[in-house]
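Comments concern the structure below.
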Amino acid sequence: MIEVKELSKFYGPRPAIDRLNFSIQPGEIVGFLGPNGAGKSTTMKIVTGFMPATSGTVTVAGFDVFEQSLQVKRNVGYLPETPPLYFEMIVEDFLKFAAKLHDVPASQLKAKVDSALERTGLTQVRKRIIGNLSKGYKQRVGIAQALVHDPKVLILDEPTVGLDPAQIIEIRELIKSLAGQHTVILSSHILQEVTATCQRIIVISKGKIVAQDTIERLTTQINQGVIYGLTVKATETQGIEAIRALKSVAHVDVSGNKLLVALHPDQASERDQIIQAAVNAKMGVLDFALERRSLEEVFLELTHEQSNGVAS
Amino acid sequence: MKKSLTIAVKDYRTYFTSPMGYILIAGFMLIMGWMFFNSLTYFTLQNLQYKQFGMGKGASLTEGIVKPFLGNMNVVLLFFAPFITMRLFAEERKLQSIQLLLTSPITLTELVVGKFLSALFLVGTMVLLTAIYPIILVAYGNPDVGTLFTSYLGTLLLASCYLSAGVFFSSTTENQIVAGALTFATGLFFWLINWASQSAGPVLGDVLEYLSLIQHYNNFSQGLLTTTDLIFYISFIGLGLFFTHRVLDSYRWR
């Protein structure tokens, strides 16, 4: 559905994005993940045809965004970082306006607007003035505006920013419900967001793609071996050495009164012996649990490696 | 062009979702009403004096009322046009709602024409509402209807020139005040540009005379429709909209 090849964009001499390559299949929900200023918004602006690229090509639904921008725009719904709303307009009128701009025929206008209102949960506020709505509702109007013409591709730039937790969950559910009928790209710098909604993520940092895979694979790819966290009252060198000496233990990190014990992936775990060693050294075991490495750390590691690579 | 109309209608309605449209229309009608009343009383007084001293018929309704009334309206519109056009693009840029328009399947030409039409519709509303005064004249007297028609057409074309400049300046900035001030200054400058035509020498003098917005209005107020004047006004409007198109295009490249 979306093919991006060797896409670059320069702001002056500085590249905002640097030779990006990725493709997205119909019906997929893909998360664009990266720290602020990584080039997420720039990429999205180019894919929507808002802004031309310096070099490289993008095709959406088979149309080139630069050569056939009108066809592309007809097939794309876009929610920019700041929702493009006319505060003095009524919700319903605004959606009608957005639909008309996107070539929705007059006969289907009412049905499409009603369906967009319903899907975004705006039916009760359809007669309200947009400027008087709360931030969460404004964001929903922004999303409704993007999907009112039933586009093949939906591009959502940080769709849940500034919402309260309940609203965030609602918006995520809404995005998930779009899978299959629409191809969705959403960007975020928040990990839970992407893990909660997307099937696949593309991690970008400093304008380059540093990883792209399914969430499960990306986590396991880096998360080799198992780590246990052992919290104690006081750390004793002797006890730590005893744990280090165990056959299945790869290494032990100490931070404060917490030991992070990494085990070799292919060895039978010796949890008993680890605890035993701690008890023998009278460290006073408070807690022992499996440390799951979150995607957060994977993300930090990826973006960190990237910046180290650039520095050296 | 259907989408230009969609944009024009939406923006026209926006004038009336805020007090702006009502204030502009009410203010304009108040000033024009006052001007009509005064030219009418002055006209009657003058005619009375002509009769009293047996100096003939005096000025006609067209010369005595219609001409000064519309001439004044042209000046008043110069003050009102900046307020009408200043928000058209500047506000969209400031609130970033322009992203919706620039990612919709519409061409920049459709967008620019739509914005211009919305302003023209408002000025059209204002100008046509003043038609009540000439209608009174027609009902009770015999002003030349043809001249009335050409004068109104000229006024609309002249106002369109201000609007075209206004649309252009609105597209160049996010600041509405800046857009408005530049529009007013430009309108006034092109109004006064022929002041130097006497002293500028034969060729340059003619050029300055030709560039003056008000100079081309004179024929309309005499009841004359000439292609020169029509072409001048339409080129002026077209040029303003063309520049707007270029500015919007460059906005995407930044």
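All heavy atoms count here, side chains included; hydrogens, waters and symmetry mates do not. By convention in this document, chain letters (A, B, ...) are assigned in the order of the sequence lines, proteins followed by strands, and residues within each chain are numbered from 1.
Taking NZ of A:Lys45 as the start and CG of B:Leu102 as the end, the distance is 11.0 Å to the nearest 0.5 Å. Distance OG1/A:Thr43 to CD1/A:Ile17: 4.0 Å, rounded to 0.5 Å.
For a heavy-atom cut-off of 4.5 Å, chain B lies close to A:Arg74, A:Tyr78, A:Pro80, A:Thr82, A:Pro84, A:Leu85 in residues 74-85 of chain A. Identified by a heavy-atom distance below 4.5 Å to chain B, contributing residues of residues 111-129 of chain A are lacking entirely. Within residues 105-135 of chain B, the residues having any heavy atom under 4.5 Å from a heavy atom of chain A are, by residue number, B:Pro105, B:Ile106, B:Thr107. Contact annotation for residues 86-101 of chain A against chain B (heavy-atom separation below 4.5 Å, listed by residue number): A:Tyr86, A:Glu88, A:Met89, A:Asp93, A:Phe94, A:Phe97, A:Lys100, A:Leu101.
Residues A:His102 and B:Ser104 meet the side-chain proximity criterion, which asks for heavy atoms closer than 4.5 Å. By the 4.5 Å heavy-atom criterion applied to side chains, A:Leu174 and A:Glu170 are not counted as neighbours. In this structure, the side chains of A:His182 and A:Pro151 come closer than 4.5 Å at one or more pairs of heavy atoms. In this structure, the side chains of A:Asp64 and A:Val58 stay at 4.5 Å or more apart for every pair of heavy atoms. Residues A:Lys9 and A:Ile46 have side chains in contact (heavy-atom distance under 4.5 Å, counting atoms from C-beta outward). B:Tyr152 places a side-chain heavy atom less than 4.5 Å from the side chain of B:Leu148. Looking at heavy atoms from C-beta onward, B:Phe168 lies out of side-chain contact with B:Thr183 at the 4.5 angstrom threshold. At a threshold of 4.5 Å between non-hydrogen side-chain atoms, the residues A:Met44 and A:Ser187 count as touching.
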Between B:Tyr217 and B:Thr155, does a side chain to side chain donor-acceptor pair (under 3.5 Å) hold up when you go through it step by step? CA-CA 8 Å; B:Tyr217 180 77; B:Thr155 297; 3.3 Å; yes
- Stepwise, does the ring pair (Phe, Tyr, Trp, His ring centres under 6.0 Å) test hold for B:Tyr210 with B:His216? CA-CA 8 Å; B:Tyr210 180 76; B:His216 290 272; 4.9 Å; yes
- Please step through side chain to side chain donor-acceptor pair (under 3.5 Å) for the pair B:Ser97 and B:Glu92, ending with a clear verdict. CA-CA 5 Å; B:Ser97 49; B:Glu92 297 252 12; 3.0 Å; yes
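When each of B:Gln96, B:Gln99, B:Arg13 is scored by its heavy-atom pairs under 4.5 Å with chain A, the top score falls to B:Gln99.
Between A:Asp103 and B:Lys3 there is a salt bridge, with a side-chain nitrogen of the basic residue lying less than 4.0 Å from a carboxylate oxygen of the acidic one.
For A:Gln71, no part lies near chain B; criterion is any non-hydrogen pair under 4.5 Å. Interface residue B:Thr103: backbone and side-chain heavy atoms are both found under 4.5 Å from chain A.
In this structure, B:Phe242 and B:His245 have parallel ring planes: the angle between them is below the 30° cut-off, well short of the 60° mark. Using cut-offs of 30° and 60° for the angle between ring planes, the B:Phe79 and B:Phe184 rings count as tilted.
Proximity of the aromatic rings of A:Phe22 and A:Phe32 is defined here by a centroid distance below 6.0 angstrom, and this criterion is met.
Within a 6.0 Å sphere centred on CZ of A:Phe10, heavy atoms belonging to other residues, nucleotides or ligands number more than 12.
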